[in-house]
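Here is how names work: the chains are called A, B, and so on, in the same order as the sequence lines, proteins then strands, and each is numbered from 1.
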Protein chains: 2
Amino acid sequence: MTTNSSRLDDAARAGWLYYVAGNTQDQIARKLNVSRQSAQRLVSLAVSEGLVKVRIDHPIAHCLELASRLKSRYGLDLVEVVPSDPGSSSTTVGVAEAAAAQIEQRLSGQDPIIMAIGTGRTLKAAIEKLPSMECPQHKVVSLTGNIAPDGSAAFYNVVFTMADKVKSRSFPMPLPVIASSQEERALLHQQPMIQATLALSAKADVTFVGIGDLGPNAPLFVDGFISRDELAALNEAGAVAEIVGWAIDAGGKTLEGITNDRVASSPIPSRKSGLVVGIAKGPAKLPGIAAALAGGLINGLITDEETASALIGQGQ
Amino acid sequence: MTTNSSRLDDAARAGWLYYVAGNTQDQIARKLNVSRQSAQRLVSLAVSEGLVKVRIDHPIAHCLELASRLKSRYGLDLVEVVPSDPGSSSTTVGVAEAAAAQIEQRLSGQDPIIMAIGTGRTLKAAIEKLPSMECPQHKVVSLTGNIAPDGSAAFYNVVFTMADKVKSRSFPMPLPVIASSQEERALLHQQPMIQATLALSAKADVTFVGIGDLGPNAPLFVDGFISRDELAALNEAGAVAEIVGWAIDAGGKTLEGITNDRVASSPIPSRKSGLVVGIAKGPAKLPGIAAALAGGLINGLITDEETASALIGQGQ
DNA sequence: CAGGCTGATGAGTAATTGCCCATGAGATAG
DNA sequence: CTATCTCATGGGCAATTACTCATCAGCCTG
């Protein structure tokens with residue numbers, strides 16, 4: 001542990017000398033009494049461990065314009081559009097950083113707030129970009145269960161990681177994501193602890209959710225939460241996307257039946273009482289984002305240029 | 001202007017693709033349809049224009065330890081210790097970033113605050129690291145005059161730059177830094193507008209000041225605010241440093257006479273009612289920092305490892 | 001319109017960085 | 001005690017980046 005943390009210490013120091021003080025890796029090597037190669041390794045360790053946070057502080061005109069058009073067209077309260085990286089296939093790069101910045105800002109206030117968090121790869125990536133903070137005044141509540149089909153804690157449940165980083169009180173949902181039957185769900189939801197957590201979600205001041213597509217590589221299916229047959233049935237019924245497990249159709253309506261009557265997640269908090277921010281980019285998510293906007297499920301959106309353009313184009 | 005801002009736009013985009021999306025400059029060049037060299041120039045422009053903000057998110061153990069020892073030894077409320085860059089002669093690198101982060105955090109709250117700001121190279125550098133913000137709820141007040149001896153607005157008056165960046169209401173002091181006589185100072189201070197500004201300073205919730213040394217290269221002398229003779233007289237009288245123009249001795253007491261009876265700055269806000277943060281590093285400033293601490297003029301300090309070590313060592 | 005200034009551009013080149021690999025120290029299991 | 005494994009290290013080299021320089025377009029100035 002000592003080795004490990006002192007290694008990270010050195011990495012942070014090397015990263016600092018490199019990025020803040022502008023030293024070359026040669027100079028760092030001399031100052032830290034290591035070889036040039038080791039200095040390089042320390043710097044790259046600092047980067048890969050997420051110790052180095054970069055932000056670009058300039059409102060790129062095109063992104064701003066897209067954001068304001070999206071805002072007025074869909075009556076949204078918060079829109080962030082980040083530049084696209086044409087050719088990159090990542091579905092998180094950029095939006096994760098922007099989401100982290102938003103989350104950080106909301107948490108940096110003194111007044112206690114309740115923040116509800118969904119799940120998924122995008123949100124996971126966003127949480128990883130969060131800096132360490134001291135926010136014991138806030139409450140972070142999970143909207144979805146954290147038990148995977150095999151009984152383990154689901155990898156993409158992000159509330160633990162988040163609460164750990166920002167030192168907030170956390171309220172996970174010790175439930176499967178989708179119960180095996182309606183009866184099981186009802187039973188689970190009757191537990192006092194779960195009741196309290198559900199009640200807390202409903203009062204969330206600000207909510208961040210990913211938007212999952214329901215194509216052939218739907219995360220819900222890939223991660224084993226639903227079967228291939230269920231996925232097909234959802235598609236058949238017109239589902240285009242899923243938010244914290246709830247399948248929605250192109251109009252943003254929550255479907256009846258199929259998996260939805262067994263989803264153990266909290267309802268998506270109302271956008272009447274708080275801010276509900278969707279975080280998603282990429283062509284696969286486009287129908288889902290459009291649906292969520294159409295149905296008024298979200299009143300905030302963090303996406304990228306390409307997706308924003310497409311959203312504006314298709315409404316014409 | 002269009003060219004200029006679209007150039008910065010491109011620079012921001014290039015910086016984003018480089019630092020956030022991890023492209024090489026070759027890829028960026030292709031994506032932005034410019035030559036590789038131009039892409040390199042855009043990236044470096046983004047850096048030199050301060051569009052790219054890097055922070056290292058790891059509490060380096062040694063810095064933390066120094067900070068907590070300084071805190072308890074001098075009864076301070078806020079101490080930040082950043083890594084040192086051994087061999088660098090810069091007096092701002094590192095502390096400027098840390099100060100900017102502190103300022104940003106104070107300004108990001110919703111509740112209106114009054115922030116008082118000194119002057120000097122260190123503070124100037126810190127302000128340059130601030131991101132653009134929207135903070136019309138706050139008031140930023142200058143502690144010192146902004147008229148240079150030649151009648152121009154002094155370069156190091158930082159309130160304008162700052163108010164511009166964060167969109168706060170600003171209260172500069174349209175005065176010389178040091179009046180030509182006690183009578184002139186009294187007259188100037190009687191102006192209603194100045195009175196109001198002085199009153200505002202006294203109520204500051206948080207104050208950031210640099211600490212100027214009074215050695216042969218004292219900024220006050222180099223920038224022409226005081227003459228060589230006055231500098232010598234101050235040294236003779238035991239002055240070791242100066243805070244917003246007020247010369248102090250090794251015990252942190254404000255000297256009587258010499259230049260001090262003509263300094264047109266506000267008094268340093270009381271640390272009883274608010275936080276007064278000194279920002280300084282380096283051997284030249286060491287006596288000044290020690291004096292400010294000894295006299296209880298500040299209850300917050302942002303400095304670097306080496307300076308922090310020296311401060312702890314000399315008290316033994 | 002000539003002259004001169006400013007600033008952008010791409011070629012060329014030196015400096016810096018990233019990465020692969022062989023080596024060896026130290027840990028661990030048998 | 002030995003075989004084996006893991007992992008940090010530095011050499012070497014290719015890729016990438018930074019910088020210098022000559023050129024040229026645009027733009028004031030007289």
Q: According to side-chain contact (heavy atoms from CB on, under 4.5 Å), who are the partners of B:Gln27, at least two apart in sequence or on a separate chain?
A: B:Asn23, B:Thr24, B:Arg30
Q: Tell me the interatomic distance from B:Gln40, atom CD, to C:dA15, atom P, rounded to whole angstroms.
A: 16 Å
Q: I need the OH-C1' distance between B:Tyr18 and C:dT16, as an integer number of Å.
A: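 Checked: the OH to C1' distance equals 10 Å.
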Q: OP1 or OP2 of C:dG18 sitting under 4.0 Å from any side-chain N/O of A:Gln25?
A: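 For C:dG18, OP1/OP2 do have a side-chain N/O of A:Gln25 under 4.0 Å.
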Q: Starting from C1' on C:dT9, measure out to CG on B:Leu42 and report it in whole angstrom.
A: 12 Å
Q: Which nucleotide of DNA chain D is the first, and which the last, in the 5' to 3' direction, to come under 4.0 Å of a heavy atom belonging to chain A?
A: D:dT9 to D:dG12
Q: When the distance from CZ of A:Arg36 to P of C:dT16 is rounded to whole Å, what number comes out?
A: 10 Å
Q: If every non-hydrogen atom of A:Ser309 is compared with every non-hydrogen atom of A:His62, which pair is closest and at what distance?
A: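 What the structure gives for the nearest pair is OG-CE1, 4.4 Å.
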Q: To the nearest angstrom, how far is B:Asn33 atom CG from C:dG10 atom C1'?
A: 16 Å
Q: Taking A:Glu104 first and then A:Lys53, would you say they form a salt bridge - that is, a charged N and a carboxylate O separated by under 4.0 Å?
A: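 Judged by the 4.0 Å cut-off on N to carboxylate O distance, A:Glu104 and A:Lys53 do not form a salt bridge.
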Q: Please tell me whether A:Lys285 and A:Thr122 have a donor and an acceptor in their side chains that are separated by less than 3.5 angstrom.
A: yes
Q: Got A:Leu286 and A:Leu311 here, is their nearest side-chain heavy-atom distance under 4.5 Å?
A: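 SC-SC contact between A:Leu286 and A:Leu311 confirmed.
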Q: Checking side-chain polar atoms at under 3.5 Å, does A:Gln102 have a donor or acceptor matched by the opposite partner on A:Arg106?
A: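 Present: a donor and an acceptor within the cut-off.
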Q: Quick one: A:Leu45 CG to C:dT17 C1', roughly how many Å, whole number?
A: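 Roughly 17 Å, once rounded to whole Å.
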Q: Between the base of C:dG7 and the side chain of B:Arg41, is there any donor-acceptor pair under 3.5 Å?
A: no
